[in-house]
Protein chains: 2
Amino acid sequence: MTPTPDRGPDRGPDRGLDRRLDQAAELCRARGQSLTPLRRRVLEIVLEADRPLGAYDVLEILAEERGRVAPPTVYRSLDFLLDQGLVHKVLSVNGFVACSDTARPHAAELFICRHCGNAVEVARKAADPRLEETAAGLDFAIESVVLEVRGRCADCRADA
Amino acid sequence: MTPTPDRGPDRGPDRGLDRRLDQAAELCRARGQSLTPLRRRVLEIVLEADRPLGAYDVLEILAEERGRVAPPTVYRSLDFLLDQGLVHKVLSVNGFVACSDTARPHAAELFICRHCGNAVEVARKAADPRLEETAAGLDFAIESVVLEVRGRCADCRADA
DNA sequence: TATGACATGTTATAAAGTATCGAGAATGAC
DNA sequence: GTCATTCTCGATACTTTATAACATGTCATA
Ligand SMILES: [Zn+2]
Ligand SMILES: [Zn+2]
Ligand SMILES: [Zn+2]
Ligand SMILES: [Zn+2]
């Protein structure tokens with residue numbers, strides 16, 4: 001017999017999916033925004049994935065559920081989720097990942113495995129002082145920072 | 001009367017263009033590769049630009065010179081230059097910039113102005129120790145790092 | 001002169017992202 | 001209620017970015 005799935009927060013088959021979705025909805029509401037069914041479903045799709053999903057990956061999943069879906073439908077939802085800090089864009093792979101800490105918007109620091117495609121977000125403790133220095137030297141006003149680390153994750157190193 | 005242009009290395013109207021192209025050619029040759037006329041011209045185009053150029057920007061310039069040019073022609077040259085560390089790809093803008101220090105290949109650290117599009121490359125002295133730590137903690141083997149800083153450059157701050 | 005390696009040309013297509021218009025639902029003022 | 005405003009979403013068409021697949025040219029050397 002299979003053991004009872006762990007039902008603690010963020011564990012079990014859905015990794016606390018509903019809780020995270022509800023949290024997201026609350027976050028939006030507090031900002032006077034609305035996590036509509038479509039946006040909620042898109043977020044859910046991204047949360048369920050174990051790797052960054054392309055907009056057209058999301059589109060395909062949506063299309064299975066509701067018939068023909070056009071790109072703007074997906075991009076609008078993803079843009080909304082980006083604005084709300086609920087997902088991050090992964091430039092290296094033209095994909096989107098769910099943010100792992102939505103309490104307040106931040107720039108993501110992502111470790112992306114070239115082998116399995118998995119992407120892990122690490123909270124950035126503080127601004128990189130060296131970056132700040134360089135910016136100051138250039139008289140450059142930082143607005144955002146893209147930091148993506150590519151390589152091989154623990155699992156894939158083990159497999160090799 | 002206009003003052004005599006400064007003719008020191010990397011100064012003057014062409015910023016040492018020919019010298020940089022010759023250096024690049026030598027670099028390739030030393031590696032058993034060849035900076036063909038096409039590749040050299042593509043590098044020149046990127047060097048001449050004062051901002052990241054898209055592949056299709058390059059294509060357009062080439063097409064003016066030699067008639068119809070197809071995308072693979074440009075992408076192949078750019079890929080070659082990327083491999084040789086002569087240009088960097090700027091993910092934030094789907095563009096390419098010439099590397100400012102081609103002595104040996106490295107990851108670029110780019111400061112990109114959202115206003116004028118200018119991109120400045122800053123040599124990364126050493127690996128970010130915090131990044132190394134995090135990677136070690138994740139048992140993640142870093143292969144490359146994308147670091148792009150977006151904001152407003154000194155010139156544009158002054159203008160505002 | 002073959003033969004192989006490499007660079008380039010050519011055609012077609014895939015993948016990613018956007019502009020624009022319009023219908024319908026939700027919100028709030030009156 | 002109903003009117004105007006705003007937001008959301010569907011739908012059509014399109015632009016931009018990138019690659020696959022195959023053919024041709026070029027050059028060195030066996
Ligand atoms: Zn995050
Ligand atoms: Zn992996
Ligand atoms: Zn460089
Ligand atoms: Zn600027």
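In what follows, every chain begins at residue 1, and chains take the letters A, B, ... in the order their sequences are listed. Just so it is clear, the model here is predicted, and its values are computed rather than measured.
Here C:dA7 presents its C1' atom at 14 Å from CG of B:Asp83, a figure rounded to the nearest Å. We find that CG of A:Leu78 is positioned 15 Å from P of D:dT8, with the value rounded to whole Å. In this entry the distance linking CG of A:Leu82 with P of C:dT18 reads 11 Å, nearest Å. Atoms CG (B:Leu59) and P (D:dA18) sit 12 Å apart, rounded to a whole Å.
Within residues 29-41 of chain B, the residues that have a heavy atom under 4.0 Å from DNA chain C are, in order of number, B:Thr36, B:Leu38, B:Arg39.
Not a single side-chain hydrogen bond (donor to acceptor under 3.5 Å, both in side chains) links B:Gln23 to another residue, sequence neighbours left out. Applying the ring-ring contact (aromatic ring centres under 6.0 Å, His included) criterion to A:Tyr75, with sequence neighbours excluded, gives no partner residue. Looking at residues two or more places apart in sequence or on another chain, you find no side-chain hydrogen bond (donor to acceptor under 3.5 Å, both in side chains) involving B:Arg150. Scanning for ring-ring contact (aromatic ring centres under 6.0 Å, His included) contacts around A:His115 gives an empty result, with sequence neighbours left out. Shown here are the side-chain hydrogen bond (donor to acceptor under 3.5 Å, both in side chains) partners of A:Arg76, two or more places apart in sequence or in another chain: there are none.
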| task | For nucleotides 22-30 of chain D, just jot down a letter per nucleotide in 5' to 3' order: B, S or -, based on protein non-hydrogen atoms under 4.0 Å. | result | ---------
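Contacts classified as ring pair (Phe, Tyr, Trp, His ring centres under 6.0 Å) and involving residues 27-55 of chain B (residues at least two apart or in different chains) are not found. Residue pairs that meet the side chain to side chain donor-acceptor pair (under 3.5 Å) test with at least one member in residues 55-74 of chain A, sequence neighbours left out, are A:Arg41-A:Glu65.
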Determine all donor-acceptor pairs shorter than 3.5 Å in which one atom belongs to a side chain in residues 89-105 of chain A; sequence neighbours excluded.
{"from": "A:Ser92", "atom 1": "OG", "to": "A:Glu148", "atom 2": "OE1", "distance (Å)": "2.3"}
{"from": "A:Ser100", "atom 1": "OG", "to": "A:Glu121", "atom 2": "OE1", "distance (Å)": "3.2"}
{"from": "A:Asp101", "atom 1": "OD1", "to": "A:Ala103", "atom 2": "N", "distance (Å)": "3.4"}

Under 3.5 Å, side-chain donor or acceptor atoms of residues 127-139 of chain A against the rest of the protein: list the pairs with distances, not counting sequence neighbours.
{"from": "A:Asp128", "atom 1": "OD1", "to": "A:Arg130", "atom 2": "N", "distance (Å)": "2.9"}
{"from": "A:Thr134", "atom 1": "OG1", "to": "A:Arg130", "atom 2": "O", "distance (Å)": "2.8"}
{"from": "A:Asp139", "atom 1": "OD1", "to": "B:Arg157", "atom 2": "NH1", "distance (Å)": "3.1"}

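The shortest side-chain heavy-atom distance between B:Val87 and B:Leu47 does not fall under the 4.5 Å cut-off.
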Distances under 3.5 Å only, N/O to N/O: pair up the protein atoms with those of nucleotides 13-17 of chain C.
{"from": "C:dA16", "atom 1": "N7", "to": "A:Tyr56", "atom 2": "OH", "distance (Å)": "3.4"}
{"from": "C:dG17", "atom 1": "OP1", "to": "A:Lys89", "atom 2": "NZ", "distance (Å)": "2.5"}
{"from": "C:dG17", "atom 1": "OP2", "to": "A:Tyr75", "atom 2": "OH", "distance (Å)": "3.1"}
{"from": "C:dG17", "atom 1": "N7", "to": "A:Tyr56", "atom 2": "OH", "distance (Å)": "2.6"}
{"from": "C:dG17", "atom 1": "O6", "to": "A:Tyr56", "atom 2": "OH", "distance (Å)": "3.3"}

